[in-house]
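Just so you know, these numbers come straight off a predicted model, no measurement behind them. Sequential numbering from 1 along the given sequence is applied to the chain's residues.
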Amino acid sequence: MSSEAPCSPRWVREEWRYSCRFNALLTNAVIFHNALDIAEIVRQLLEEGWTIDPEDLAHISQYLTEHIDRFGEYSTHELGIQPEAYDPKLDVDFAPLRGADPAAAGFGQAA
């Protein structure tokens, strides 16, 4: 951090950039956490014998915020617990959403 006064335009600009970066990081963390939760629920439903329609999954947003209490208290005792390895495999056939040629729709390319 610079030694400039807290009211200087440069200091305010740096704080604004820091705030934007933090908000982007926090948003990405929430989306990633929600995607993991959704995948776990889909796995549980598949194990219970439910049929998962990929069209239904296409309408689920990963940016759910109802469970976030902006000024709430959150437990941090779990931060030191090593999570299990994540298994990215999800047994849902998304081919019907892609159509005949996945590469033409951009699904065959990495981001």
Between [X] and [Y], is there shared hydrophobic-cluster membership here, with clusters defined by ILVMFWY side-chain heavy atoms closer than 4.5 Å?
X: F22; Y: V30; result: no
X: V42; Y: I60; result: yes
X: I38; Y: L45; result: yes

Between the main-chain N or O of N23 and the side-chain N or O of T27, is there a donor-acceptor pair closer than 3.5 Å?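 Here the side-chain-to-backbone pair exists.
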To the nearest 0.5 Å, what is the distance between CD1 (I52) and CD1 (I41)?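 Rounded to the nearest 0.5 Å, the CD1-CD1 separation comes to 10.5 Å.
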Full working for side chain to side chain contact (heavy atoms under 4.5 Å, CB included) between D37 and H33: CA-CA 6 Å; D37 286 348; H33 185 272; 3.0 Å; yes
